[in-house]
Protein chains: 2
Amino acid sequence: MDKKHFPYKFVDFLISVHQITDKITKDVKPEGLTPVQFKILEYVAANSPTTLSQLSDCLHMPLPNTSRELKKLEEKKLCKKESGVEDRRKQYICLSENGEALMQEIFKKVESKFLDRLKDDSQKDLEEIDNALKLLYTKVFYSNHTT
Amino acid sequence: MDKKHFPYKFVDFLISVHQITDKITKDVKPEGLTPVQFKILEYVAANSPTTLSQLSDCLHMPLPNTSRELKKLEEKKLCKKESGVEDRRKQYICLSENGEALMQEIFKKVESKFLDRLKDDSQKDLEEIDNALKLLYTKVFYSNHTT
DNA sequence: TTATTTTGTTATCATTTGATAATTAAGAGG
DNA sequence: CCTCTTAATTATCAAATGATAACAAAATAA
């Protein structure tokens, strides 16, 4: 297979995405949550239900710290923890009702800020963008839970 | 304009990109650099030359802290600082030779890890992906330096 | 049964990062 | 000249995060 390298660089793309996302999410982040706590909420929102170990693995933070931060999130009534039935060591983690509401509101704001950036684009442009998002999502930024 | 919302959600895309990128850059990050310091290097690599104020603005960190961390980066011989000629208050910041080399090596590794994910794709797929990256870059994740 | 592994908790300490005030130096404008 | 603003530095303290050890409880294997 002739794998000549891309004319376009992933790194450029990633840095750009990262910068814009940072800028947009900046004034959307709720008060009273530390960055790490927000990261956890984000992860749980996208991968619910999950376990402490999985959280710890995927967010690259030691289990004791994950446990500590999750405890705080429970105290803030944003997360729920529940022992598994088949394996009672495992703690299954979900967002609470409050947590769901919070994250949905935040996601909605982010979504609308991005759509604002596209307000001068034609319907055709929007469709192209939509297709590009889908394509990259399925072909590149898929997550293989096998590793 | 009929701005019906996208079938595909930006937030899903962003979270996915963020997770994959995190995973891929994790074992690429150099020893002896704190996360913030790496973030600074990344920014400088992409926006060189820049100033302390700009760094502070874009990375959402207070100027004194930016100054402190940059000083450490200078001590590690990864950044250079130079007073402006027209306005001698401004400090223009670039990567040093070492810094350039370090970041290029890291970017290269990230790049190749992404290409690894695509090793089973056809040439046609790769072209489509390349086009999608370009499209999103120019239409969505462009940075307007005007704000 | 006993030993071992997995999952998570609690406690503790070091490091990193955030936040703020005080200060210096240079430019802008009166 | 003097005042005001901007860019950056230094110092300091609080808060968040990282890292590690010791422990407990449930599953698994011997």
Side-chain angles (χ1 to χ4, degrees), chain A residues 18 22-23 25-27 29-44 47-76 78-94 145, chain B residues 18 22-23 25-27 29-44 47-76 78-94 145:
Chain A
H18 192 248
D22 244 42
K23 194 161 138 193
T25 53
K26 186 207 163 195
D27 23 64
K29 284 185 185 170
E31 298 287 315
L33 281 183
T34 70
V36 168
Q37 285 165 14
F38 186 71
K39 216 166 71 172
I40 292 177
L41 283 185
E42 218 175 39
Y43 184 86
V44 176
N47 305 78
S48 177
T50 183
T51 66
L52 267 181
S53 309
Q54 192 183 338
L55 256 171
S56 164
D57 277 351
C58 297
L59 300 186
H60 314 305
M61 56 197 287
L63 192 55
N65 299 348
T66 313
S67 177
R68 171 182 63 195
E69 296 309 317
L70 202 76
K71 197 177 171 189
K72 293 178 192 164
L73 287 173
E74 285 183 290
E75 285 161 2
K76 293 175 202 230
L78 295 172
C79 279
K80 286 185 301 185
K81 216 164 47 179
E82 206 175 327
S83 297
V85 281
E86 77 295 358
D87 185 342
R88 277 180 304 171
R89 288 170 307 177
K90 290 192 181 172
Q91 301 288 331
Y92 287 93
I93 299 159
C94 298
H145 290 294
Chain B
H18 191 249
D22 244 42
K23 194 161 136 194
T25 54
K26 186 208 165 194
D27 24 61
K29 284 185 184 169
E31 298 286 316
L33 281 183
T34 70
V36 168
Q37 285 165 12
F38 185 71
K39 217 167 70 173
I40 292 177
L41 282 185
E42 217 175 40
Y43 184 87
V44 176
N47 305 80
S48 179
T50 182
T51 67
L52 266 182
S53 308
Q54 192 184 337
L55 256 171
S56 163
D57 278 352
C58 297
L59 300 186
H60 315 305
M61 55 197 287
L63 191 56
N65 299 350
T66 313
S67 177
R68 171 183 59 196
E69 296 309 318
L70 202 76
K71 198 177 171 188
K72 293 177 192 164
L73 287 173
E74 286 183 289
E75 285 161 3
K76 293 175 203 233
L78 295 172
C79 279
K80 286 185 300 183
K81 217 164 46 180
E82 206 174 328
S83 298
V85 282
E86 76 294 0
D87 184 343
R88 278 180 303 171
R89 290 169 305 178
K90 291 191 180 172
Q91 300 289 331
Y92 287 93
I93 299 158
C94 297
H145 291 294

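First the proteins, then the strands, lettered A, B, ... as listed; each starts at 1. Note that the coordinates shown come from a computational prediction; the quantities given were computed from them, not determined experimentally.
- At the phosphate of C/dT10, neither OP1 nor OP2 sits under 4.0 Å from any side-chain N or O atom of A/S67.
- For B/K72, counting side-chain heavy atoms from C-beta on, the closest listed nucleotide (D/dA7, C/dT9, C/dT17) is C/dT17.
- Heavy-atom minimum distance, B/Y92 versus B/S83: CD1-C, 4.5 Å.
- A straight line from CG of B/L70 to P of C/dT17 spans 14 Å, rounded to a whole angstrom.
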Letter by letter from the 5' end, nucleotides 19-30 of chain D scores (B base, S sugar-phosphate only, - none; protein heavy atoms under 4.0 Å) BBB----BS---

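- Judged by distance alone, with hydrogens and angles left aside, the side-chain atoms of A/S56 form a donor-acceptor pair with the main-chain N or O of A/M61 at under 3.5 Å.
- Between the C1' atom of D/dT17 and the CZ atom of A/F38 lies a distance of 18 Å, rounded to the nearest Å.
- Residues A/T66 and A/L59 form no side-chain contact, since every pair of their non-hydrogen atoms from C-beta on lies 4.5 Å or further apart.
- Here A/K71 reaches the OP1 or OP2 of C/dT10: one of its side-chain N or O atoms lies under 4.0 Å away.
- Summary of the strand contacts: A/T34 and B/T51 both lie near DNA chain D, and taking for each the nucleotide with the nearest heavy atom, the more 5' one is attributed to B/T51.
- A distance-only check finds a donor-acceptor pair linking the side chain of A/K76 to the backbone of A/G32 [under 3.5 Å].
- One interatomic measurement links the two molecules: CD of B/Q37 to C1' of C/dT15, which rounds to 11 Å at whole-angstrom precision.
- Taking atom CD on B/E82 and atom C1' on D/dA8, their separation rounds to 16 Å, with Å as the unit.
- Between B/E69 and B/K72 there is a salt bridge, with a side-chain nitrogen of the basic residue lying less than 4.0 Å from a carboxylate oxygen of the acidic one.
- Relative to the side chain of B/S53, the nucleotides D/dT9, D/dA7, C/dG8 differ in distance, and D/dA7 lies closest.
- The distance from atom NZ of B/K90 to atom C1' of D/dT5 is 13 Å, rounded to the nearest whole Å.
- Close to D/dT9, at under 4.0 Å from its OP1 or OP2, lies a side-chain N or O of B/K81.
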